[in-house]
Undergrad: 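Dropping the structure in here first, questions after.
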Amino acid sequence: MSRRRIGFWYRLAAVICKPPLLVLFKRDWQGMEHIPADGGFITAVNHNSYLDPLSYAHYQYNTGRVPRFLAKAGLFKSGFVGLMMRGTGQIPVYRETTDAANAFRAAVTAIEKGECVAFYPEGTLTRDPDLWPMQGKTGAARVALLTKAPVIPVAQWGANDAMPPYAKEKKLRLLPRKTLRVQAGPPVDLSAFYDREPTAEVLRAATDVIMTAITEQLAVVRGEPAPAEPYDWRKAIARERRAAREAAKATQGAQGAGTARTPAEPAAATEPAVGPQQARSTQQAQEDESK
């Protein structure tokens, strides 16, 4: 595999980050042969730990094709972080832009110049309870259809053992020594979408193909079957909110019934006692009704 010019700033970042990664973690890297030797391309990566960008970047750096991450434009403005972001050629995302295509114009330009652009299609750490990839956002698919560049699915696992997502305390769990597993798969076939208008439906379908490819790679890495359907964060939030509203209504109804009685009302004498088993049955019925 030919090695492109990496540049001073990326090499400096490697000098800073690689030694602790080599010392603190074991590595299991697979599928480097799928990383294109030449030309622009996209990597689509799952996200399950605050640490996994370092794990993936280490893997990708060693292929000789360094990734250009998409990051908030504000990170590029000042300080050492901004200097490193600009120097290593990371790509600012202007989230205030209303046109989704323009929001990724720098990514398109980088790919046309022959660079690798790394996407986390989920847009955030996965909310799936078992840390499988959840339903992705359409940005990676949009750029892929604009550029017709290869999309390489990348699965990673192990960083979440050292730094679990959404833990109460963001502490590294270094012992016993964890293994960072990264595996790239063959390019995703999106040719069926190239000649179609990039409608919301087309972008969603292309995104689902990409996320399926990532999930299939992760199933191999984890050695276990993936869920039949990806976790839909929006639907999960909607269910939680609906359950909270129903619980609030039930509480208000119970309070209203209690305040409607007068002290003279012999509630205990006229209302039958409800045993624990009956209470559980009533609760289950209410839950079934709310589904």
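These values consider heavy atoms only, across backbone and side chains, with no hydrogens, waters or symmetry-generated copies. Residue numbers run from 1 in the order of the sequence given.
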Undergrad: Is a donor on one side and an acceptor on the other found under 3.5 Å between the side chain of Asp161 and the backbone of Leu180?
TA: no
Undergrad: Would a 4.5 Å heavy-atom cut-off, applied to side chains only, mark Ile214 and Val45 as touching?
TA: no
Undergrad: For the side chain of Asn46 and the backbone of Gln156, is there at least one donor-acceptor N/O pair under 3.5 Å apart?
TA: yes
Undergrad: Could you walk me through whether Gln60 and Ile35 satisfy the side-chain contact (heavy atoms from CB on, under 4.5 Å) test, starting with their C-alpha distance in whole Å, then the side-chain angles of each, then the deciding distance to 0.1 Å, before giving a yes or no?
TA: CA-CA 9 Å; Gln60 187 75 23; Ile35 302 298; 3.8 Å; yes
Undergrad: List the steps, then state whether side-chain contact (heavy atoms from CB on, under 4.5 Å) holds for Lys18 with Tyr61.
TA: CA-CA 10 Å; Lys18 284 182 68 173; Tyr61 180 90; 4.1 Å; yes
Undergrad: As an exercise, state the distance from CG of Leu175 to CZ of Arg173, rounded to the nearest 0.5 Å.
TA: 12.5 Å
Undergrad: Is it the case that the side chain of Asn160 and the backbone of Gly158 share a donor-acceptor pair, with hydrogens and angles ignored and the cut-off at 3.5 Å?
TA: yes
Undergrad: Under 3.5 Å, which donor-acceptor pairs do the side chains of residues 190-200 form with other protein atoms, sequence neighbours left out?
TA:
from   : atom 1 : to     : atom 2 : distance (Å)
Ser191 : OG     : Asp189 : OD1    : 2.7
Thr199 : OG1    : Glu201 : OE1    : 3.4
Thr199 : OG1    : Val202 : N      : 3.3

Undergrad: Taking the six-membered ring for Trp, is the centroid-to-centroid distance between Tyr56 and Phe69 below 6.0 Å?
TA: yes
Undergrad: Any chance you could measure Lys178, atom NZ, to Leu172, atom CG, to the nearest 0.5 Å?
TA: 9.0 Å
Undergrad: Using only atom types and a distance under 3.5 Å, with no angle test, would you say the side chain of Arg142 pairs donor to acceptor with the backbone of Phe104?
TA: no
Undergrad: Does Arg68 use its side chain to pair, donor to acceptor, with the backbone of Val117 at less than 3.5 Å?
TA: no
Undergrad: Side chains of Tyr166 and Arg127: donor-acceptor distance under 3.5 Å anywhere?
TA: yes
Undergrad: Can you tell me how far the CE atom of Met85 sits from the NZ atom of Lys77, to the nearest 0.5 Å?
TA: 13.0 Å
Undergrad: In Å and rounded to the nearest 0.5 Å, what is the CZ to CD1 distance from Phe41 to Ile111?
TA: 9.5 Å
Undergrad: Can you name the side chain to side chain donor-acceptor pair (under 3.5 Å) partners of Gln30, sequence neighbours left out?
TA: Asp28
Undergrad: Are Val154 and Gln217 packed together at the side-chain level, in the sense that at least one heavy-atom pair is separated by less than 4.5 angstrom?
TA: no
Undergrad: Do Thr179 side-chain atoms and Arg27 backbone N/O form a donor-acceptor pair below 3.5 Å?
TA: no
Undergrad: How long is the span from the OG1 atom in Thr138 to the CD1 atom in Ile210, to the nearest 0.5 Å?
TA: 9.5 Å
Undergrad: Under 4.5 Å between any side-chain heavy atoms of Ser55 and Val182, yes or no?
TA: yes
Undergrad: For Asn62 and Tyr59, indicate whether the former's side chain and the latter's backbone hold a donor-acceptor pair under 3.5 Å.
TA: no
Undergrad: Could you check whether any side-chain heavy atom of Thr126 comes within less than 4.5 Å of a side-chain heavy atom of Trp132, counting everything from C-beta outward?
TA: no
Undergrad: In Å and rounded to the nearest 0.5 Å, what is the CG to CG distance from Leu125 to Asn48?
TA: 7.5 Å
Undergrad: With no hydrogens and no angle check, is any side-chain donor or acceptor of Gln90 less than 3.5 Å from a backbone partner on Thr88?
TA: yes
Undergrad: For a quick test of your reading: what N or O donor-acceptor pairs under 3.5 Å do the side chains of residues 223-231 make, sequence neighbours left out?
TA:
from   : atom 1 : to     : atom 2 : distance (Å)
Glu224 : OE2    : Arg222 : NE     : 3.4

Undergrad: Any side-chain heavy atom of Arg181 within less than 4.5 Å of one from Trp29?
TA: no
Undergrad: So Tyr10 and Pro67, do their side chains get closer than 4.5 Å, heavy atoms only?
TA: yes
Undergrad: Does Met134 offer a backbone N or O that forms a donor-acceptor pair with the side chain of Glu122 under 3.5 Å?
TA: yes
